[in-house]
Each structure stands twice: as C-alpha cells, then as structure tokens.
K.L.:
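For reference, the structure I am asking about is given below.
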Amino acid sequence: MNRVRVGALLSGRGSNLQALLDAAQAPDCPYQIVLAISNKPGVQGLERAAAAGVPTAVLPHRDFTGREAFEQAMTAKLEAAGAELVAQAGFMRVVTGRFVTRWRDRLVNIHPSLLPAFPGLDTHARALEAGVKLHGCTVHLVRETVDRGPILGQAAVPVLPDDDTETLAARVLEAEHRLYPLCLSLLAAGHVRVEGEAAHVESPGKPLPLLINPAGSDTSASDVAAS
Ligand code: GAR
C-alpha cells in the first residue's frame, strides 16, 4: 500500500504526535509520518519521533528574520521529505497566509475545544468559566484565521461538576488521541471533500444519536427527583 506521507509540526510534549505514530503502526493505516519538525529544541515530541524512527528537525523560529523565512525553511524540509500532508500536533505558532496557501487543504490542526467555541489559548479554563456542559476537541484544515477552517471531526466529552482545568484537559486529551488519527486517516484515504469552508467527510462508523450532559437515568426530566 502506498501510504500518504505526513510531516508533523510540534512545539512540546508531542502526545498527539505519539497517537499519530501509534496509529501508523497498523498495517492498513493510510498515512505514515515521515518527518517531525519542532520550533523548540529539546522537547519531548522530538524524542517520541526519534524513538519511532522518524527523522526530526529543529527550526527555532527566533533564528529566522521573520515568520515567512521560518515557514519557508519548514516547507523546504517538508518538501525534501516528500510530505503530502502536514499535521500540526501541538504546534504553537500562528502560520501566515502564504504557508496556508502552499499547503491548502493539506494542512491539519488539532485544537482543544469544540470550535468555533473557544479559539485561542486557555480553552479549558474558558470552558469551565462559561459553564458549558460539553467540551472537546476539533481537527480542522488550517485557514488564515487562527483556529478556523473546514472541520474534519470533533469529539465531545462531558464537563463534570467537580472538574478543574487539569481533569478537564486530561479528558479532552484522551479524546484528542482518538480523534486525530481517525481524521488524518480519513483525509489521507481521500474521504474528505472540501466545499467552501465546510468539509464533507465520509465516516466508516455509525454516529451516536445523542450525547447529553448532565445525564439523567434515562435523560428524561421526570426522572429527576426534587431536592
Ligand atoms: C493539545 O491539547 C493540542 O490540542 C493543543 O496543545 C496540546 C498539545 O499537546 N494545541 C493547541 O492549543 C493549538 N492551538 P501535545 O504536545 O501533547 O500533543
């Protein structure tokens, strides 16, 4: 099988990269990770890539004269590795329109919220503050506007009454690790069609009919005893 070649961009821990690498072990996985680029030296994500036998590159963004020079260096590395798709996996740099255009519809990001809610940073704290009852993560194609772009998939988790940012982040991260390999596989296998700002995705599974939080015994209002 000819697997689609994916370059990964990261800035830190790399647990999402690990999930992508683990899924790529399956013989029928439609993608392979061919390069991991970090804008930060010495991060755990680089070790994870190296341990999986994936070539790594460090491109500290501050070493470049500007964002475009930094991105040109990334593109040169990605091209040299024959990357066809680029997966941002905890990559904490905003990319320019030029980079987005170069990799249009082939540049993917994972974000820790149910977009378009909570773009940007501190998503878990903001979700708790807003009192949302469902939170989660989104895999989307990257566009010029930060954390916007055709959505390939989302995973929702409940926000529980005694959650703090750590417990909520951990629950979302587990969902991220399931969602990202699935979405990248669907894209690599050609199951995504982009129309304007929406992505149409053919999913192999059966969707859940409903996800409700808080949960009643049968989510029926008459089951709730007065207190
Ligand atoms: C993940 O939660 C990812 O969704 C988030 O950073 C974390 C990286 O963890 N990404 C962003 O916030 C991008 N805006 P990881 O390095 O362990 O994958």
K.L.:
Taking Lys133's backbone N and O only, do any of them form a donor-acceptor pair with Asn213's side chain (distance below 3.5 Å, no angle check)?
P.N.:
yes
K.L.:
Mind checking whether Arg106 and Leu187 have side chains closer than 4.5 Å, heavy atoms only?
P.N.:
no
K.L.:
Measuring from Cys29:SG to Asp22:CG, what's the distance to the nearest 0.5 Å?
P.N.:
10.5 Å
K.L.:
At their closest point, which heavy atom of Pro181 faces which heavy atom of Ala23, and how far apart are they?
P.N.:
CB-CB, 3.5 Å
K.L.:
Any chance you could measure Met92, atom CE, to Ser38, atom OG, to the nearest 0.5 Å?
P.N.:
12.0 Å
K.L.:
Kindly work out whether a path of hydrophobic side-chain contacts (I/L/V/M/F/W/Y, heavy atoms less than 4.5 Å apart) joins Val43 to Met74.
P.N.:
no
K.L.:
Could you check whether the rings of His124 and His135 sit parallel, tilted or perpendicular, using 30° and 60° as the cut-offs?
P.N.:
perpendicular
K.L.:
Where do Phe64 and Leu59 land on the side chain to side chain contact (heavy atoms under 4.5 Å, CB included) test, with the steps shown first?
P.N.:
CA-CA 9 Å; Phe64 295 86; Leu59 298 175; 4.1 Å; yes
K.L.:
Mind checking the CG-OG1 spacing from Leu128 to Thr167? Nearest 0.5 Å is all I need.
P.N.:
7.5 Å
K.L.:
Would Val6 end up clustered with Leu141 when hydrophobic side chains under 4.5 Å apart are linked, directly or stepwise?
P.N.:
yes
K.L.:
Do any N or O atoms from the side chain of Arg67 and from the backbone of Val94 form a donor-acceptor pair under 3.5 angstrom?
P.N.:
yes
K.L.:
Looking just at side-chain N and O atoms, do Thr138 and His140 make a donor-acceptor pair shorter than 3.5 Å?
P.N.:
no
K.L.:
Answer yes or no: does atom CD of Glu174 have more than 12 heavy-atom neighbours from other residues, nucleotides or ligands under 6.0 Å?
P.N.:
no
K.L.:
Within the side chain of Glu144, is there an N or O that forms a donor-acceptor pair under 3.5 Å with the backbone of Val100?
P.N.:
no
K.L.:
Do Leu114 and Ile151 belong to the same hydrophobic cluster, where Ile, Leu, Val, Met, Phe, Trp and Tyr are linked whenever their side-chain heavy atoms lie under 4.5 Å apart, directly or via other members?
P.N.:
no
K.L.:
If you round to the nearest 0.5 Å, how far is CG of Leu10 from CG of Leu17?
P.N.:
6.0 Å
K.L.:
Is a salt bridge present between Glu71 and Arg98, judged by a nitrogen-to-oxygen distance below 4.0 Å?
P.N.:
no
K.L.:
Tell me, with the steps shown, if Val132 and Phe118 meet side chain to side chain contact (heavy atoms under 4.5 Å, CB included).
P.N.:
CA-CA 11 Å; Val132 296; Phe118 312 122; 4.0 Å; yes
K.L.:
Testing Ile33, Leu78, Val4, Asp105 for side-chain contact (heavy atoms from CB on, under 4.5 Å) with Leu85, which one passes?
P.N.:
Val4
K.L.:
Is Gln32 reaching over with its side chain to a backbone N or O of Arg5, donor-acceptor style, under 3.5 angstrom?
P.N.:
no
K.L.:
Could you check whether Glu197 pairs with Arg143 (Lys NZ or Arg NE/NH1/NH2 to Asp/Glu carboxylate O, under 4.0 Å)?
P.N.:
yes
K.L.:
Between Arg102 and Glu79, is the closest basic N to carboxylate O distance under 4.0 Å?
P.N.:
yes
K.L.:
Report the C-alpha distance between Thr75 and Phe99 in whole Å, list the side-chain angles of each, state the deciding distance to 0.1 Å, and finish with yes or no for side chain to side chain contact (heavy atoms under 4.5 Å, CB included).
P.N.:
CA-CA 8 Å; Thr75 291; Phe99 192 73; 3.2 Å; yes
K.L.:
Rounded to the nearest 0.5 Å, what separates atom CG in Leu186 from atom OH in Tyr31?
P.N.:
11.0 Å
K.L.:
Is the backbone of Leu121 close enough, under 3.5 Å, to the side chain of Arg126 for a donor and an acceptor to pair up by distance?
P.N.:
yes
K.L.:
Does this structure show an ion pair linking Arg3 with Asp28, if we count only N-O contacts that are shorter than 4.0 Å?
P.N.:
no
K.L.:
So, Asn109 side chain and Val142 main chain: donor-acceptor pair closer than 3.5 Å or not?
P.N.:
no
K.L.:
Using a 4.5 Å cut-off on heavy atoms from C-beta on, say whether the side chain of Val108 contacts that of Leu152.
P.N.:
yes
K.L.:
Might you work through the side chain to side chain contact (heavy atoms under 4.5 Å, CB included) test for Val34 and Val54, ending with a clear yes or no?
P.N.:
CA-CA 6 Å; Val34 295; Val54 170; over 6 Å; no
K.L.:
Could you give me the CA-CA distance, side-chain angles and deciding distance for His111 and Thr123, then say whether side chain to side chain donor-acceptor pair (under 3.5 Å) is met?
P.N.:
CA-CA 9 Å; His111 181 76; Thr123 55; 5.2 Å; no
K.L.:
Answer yes if Leu115 and Val201 sit in the same cluster of Ile, Leu, Val, Met, Phe, Trp and Tyr residues linked by side chain heavy atoms under 4.5 Å apart, and no otherwise.
P.N.:
no
K.L.:
What's the shortest heavy-atom distance between Leu21 and Arg48, and which atoms?
P.N.:
CD1-O, 3.8 Å
K.L.:
Between Arg13 and Gly90, is there a donor-acceptor pair closer than 3.5 Å when you use the side chain of the first and the backbone of the second?
P.N.:
no
